[in-house]
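Here is the structure we will look at.
By convention in this document, chain letters (A, B, ...) are assigned in the order of the sequence lines, proteins followed by strands, and residues within each chain are numbered from 1.
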Number of protein chains: 2
Amino acid sequence: MDEARLKYLEEFGLMFGQFGLPRMLGRVLGVLMISDPPERSAEELAEELAASRGSISQTTRSLIQMGLVQRRSKPGERRDYFRVKPGAWHEIMRREMEALGAFRKTAERGLELLGSEDPDARRSLEEMRDFYVYWEREMPAVLERWEKERG
Amino acid sequence: MDEARLKYLEEFGLMFGQFGLPRMLGRVLGVLMISDPPERSAEELAEELAASRGSISQTTRSLIQMGLVQRRSKPGERRDYFRVKPGAWHEIMRREMEALGAFRKTAERGLELLGSEDPDARRSLEEMRDFYVYWEREMPAVLERWEKERG
DNA sequence: CAATATTTTCAGTAATTATTGAAATATATG
DNA sequence: CATATATTTCAATAATTACTGAAAATATTG
């Protein structure tokens with residue numbers, strides 16, 4: 001792998017890092033995104049990223065669990081191959097949107113906690129709740145439209 | 001502060017942690033969200049969260065920088081007070097949406113890197129780029145509608 | 001401008017999280 | 001079913017990130 005590509009993978013890793021996810025997750029997804037052919041074995045991933053087998057195993061498992069990567073096996077071959085799952089980025093977004101519900105619920109729990117305290121004290125939590133209620137209502141349509149146009 | 005509230009703040013902290021942000025950020029924002037009156041001095045924050053002054057200073061700075069919290073001073077008082085900025089959650093979302101541009105650019109950079117390689121190899125990056133182009137186009141309208149209805 | 005109160009900075013430390021590598025487990029082949 | 005190959009698990013370690021606390025800087029009062 002040439003230097004430009006390694007640098008690109010590091011960028012991919014950092015992008016995921018900013019997100020609070022392990023860099024290795026981004027690096028592995030990055031390799032798969034630029035692979036030609038578009039699939040790689042665990043061994044190839046380990047070699048290209050100078051990472052341990054264990055780390056690749058853990059990372060591919062996470063990526064599969066997150067719905068971003070597919071594992072494939074071929075008849076007559078022992079090793080498995082990994083490839084980016086079509087719709088991976090949509091899936092990332094879909095999961096983020098699911099997380100909105102957690103924010104709304106946290107706001108609601110806070111309002112219960114405050115009870116009938118001074119309305120001033122409740123205002124921030126009410127705004128938070130209303131905001132996430134709004135987004136939970138709006139997001140599905142945007143996601144669905146993408147799926148209809150492209151999925 | 002009673003136990004139920006401390007537990008709630010810890011929850012707030014964990015919610016931010018999932019996001020890849022320091023828990024302390026969530027805890028401090030949490031205190032301010034449930035404060036009555038809705039503002040607190042650095043000293044009060046440090047005491048309520050059993051955290052160091054330095055940590056509170058760093059955290060309030062971050063929260064202000066992120067556009068989530070306001071610093072206020074009062075005439076005749078030396079200490080500053082902090083309160084949740086109205087529209088804080090909208091601001092969080094707005095920043096996330098800005099980050100979409102970085103994803104699109106990363107995809108574009110990858111496509112440059114691949115050049116005219118096998119279309120199969122380019123497919124994942126093209127899908128990534130198209131996806132983020134779509135979201136960059138769609139999100140602003142949703143954000144603006146909230147502002148119009150509520151801001 | 002001296003005295004006091006408050007905030008910030010930052011080096012050191014603590015806590016957390018990511019990664020390795022070797023052993024254990026699983027899977028495919030002849 | 002023995003052998004070879006591939007993958008997973010997990011304890012140990014490395015790397016990173018968060019937090020403290022004391023010293024320095026800043027701001028306010030009389």
Handout entry: Residues forming a salt bridge (charged side-chain N to carboxylate O under 4.0 Å, His left out) with A/Arg137, sequence neighbours excluded
Key = none

Problem - For atom CG of B/Leu25 and atom C1' of D/dT17, their distance in whole Å - result: 14 Å

Problem - Bending between helix ends of the helix from C/dC1-D/dG30 to C/dG30-D/dC1 [5 pairs per end, 10° resolution] - result: 30°

Problem - Spacing of A/Arg61 atom CZ relative to C/dA26 atom P, expressed in whole Å - result: 13 Å

Exercise for the section: Side-chain contact test, heavy atoms from C-beta onward, threshold under 4.5 Å: evaluate it for A/Phe103 versus A/Trp135 and give yes or no. Expected result: no

Problem - For atom CZ of A/Phe16 and atom C1' of C/dA18, their distance in whole Å - result: 16 Å

Completion exercise
Residues passing the salt bridge (charged side-chain N to carboxylate O under 4.0 Å, His left out) test with A/Glu117, sequence neighbours excluded, are B/Arg5

Completion exercise
Closest non-hydrogen atoms of B/Val142 and A/Tyr134, given as atom of the first, atom of the second and distance, are O-OH, 2.6 Å

Handout entry: Close side-chain approach of B/Val84 and A/Met128, heavy atoms under 4.5 Å
Key = no

Practice task
State, yes or no, whether a side-chain contact exists between B/His90 and B/Arg150 at a heavy-atom distance under 4.5 Å.
Solution key: no

With 3.5 Å as the limit, what N/O pairs link the protein to nucleotides 13-16 of chain D?
none

Handout entry: Flag side-chain contact, heavy atom, 4.5 Å: A/Gln58 against A/Ser62
Key = yes

Output a table of nitrogen or oxygen pairs between the protein and nucleotides 11-13 of chain C separated by less than 3.5 Å.
none

Problem - Residues touching DNA chain C, which here means a heavy atom under 4.0 Å, drawn from residues 26-44 of chain A - result: A/Arg27

Problem - Flag side-chain contact, heavy atom, 4.5 Å: A/Asp130 against B/Trp146 - result: yes

Handout entry: Within-4.5 Å side-chain heavy-atom neighbours: A/Thr60 and A/Leu45
Key = yes

Exercise for the section: Sort and list the pairs that fulfil side chain to side chain donor-acceptor pair (under 3.5 Å) and have at least one residue in residues 47-57 of chain B, not counting sequence neighbours. Expected result: B/Arg40-B/Glu48

Completion exercise
Residues pairing under side chain to side chain donor-acceptor pair (under 3.5 Å) where one sits in residues 10-26 of chain A, two or more places apart or in two chains, turn out to be A/Glu10-A/Arg27, A/Glu11-B/Arg109

Problem - Protein-nucleotide distance (A/Arg71, atom CZ; C/dT27, atom P), rounded to Å - result: 11 Å

Exercise for the section: Examine B/Ile64 and B/Trp89 and state if one hydrophobic cluster contains both, with Ile, Leu, Val, Met, Phe, Trp and Tyr joined whenever side-chain heavy atoms are less than 4.5 Å apart. Expected result: yes

Fill in the blank from the handout: Residues passing the side chain to side chain contact (heavy atoms under 4.5 Å, CB included) test with B/Pro86, sequence neighbours excluded, are A/Glu127, B/Gln70

Handout entry: Between D/dT8 (P) and A/Phe82 (CZ): distance, integer Å
Key = 6 Å

Completion exercise
Residues passing the salt bridge (charged side-chain N to carboxylate O under 4.0 Å, His left out) test with A/Asp80, sequence neighbours excluded, are A/Arg71

Completion exercise
Sequence neighbours excluded, the answer for salt bridge (charged side-chain N to carboxylate O under 4.0 Å, His left out) partners of B/Glu39 is B/Arg72, B/Lys74, B/Arg83

Problem - Footprint string (nucleotides 20-30 of chain D, 5' to 3'): B base within contact, S backbone only, - free, heavy atoms under 4.0 Å - result: BB------BS-

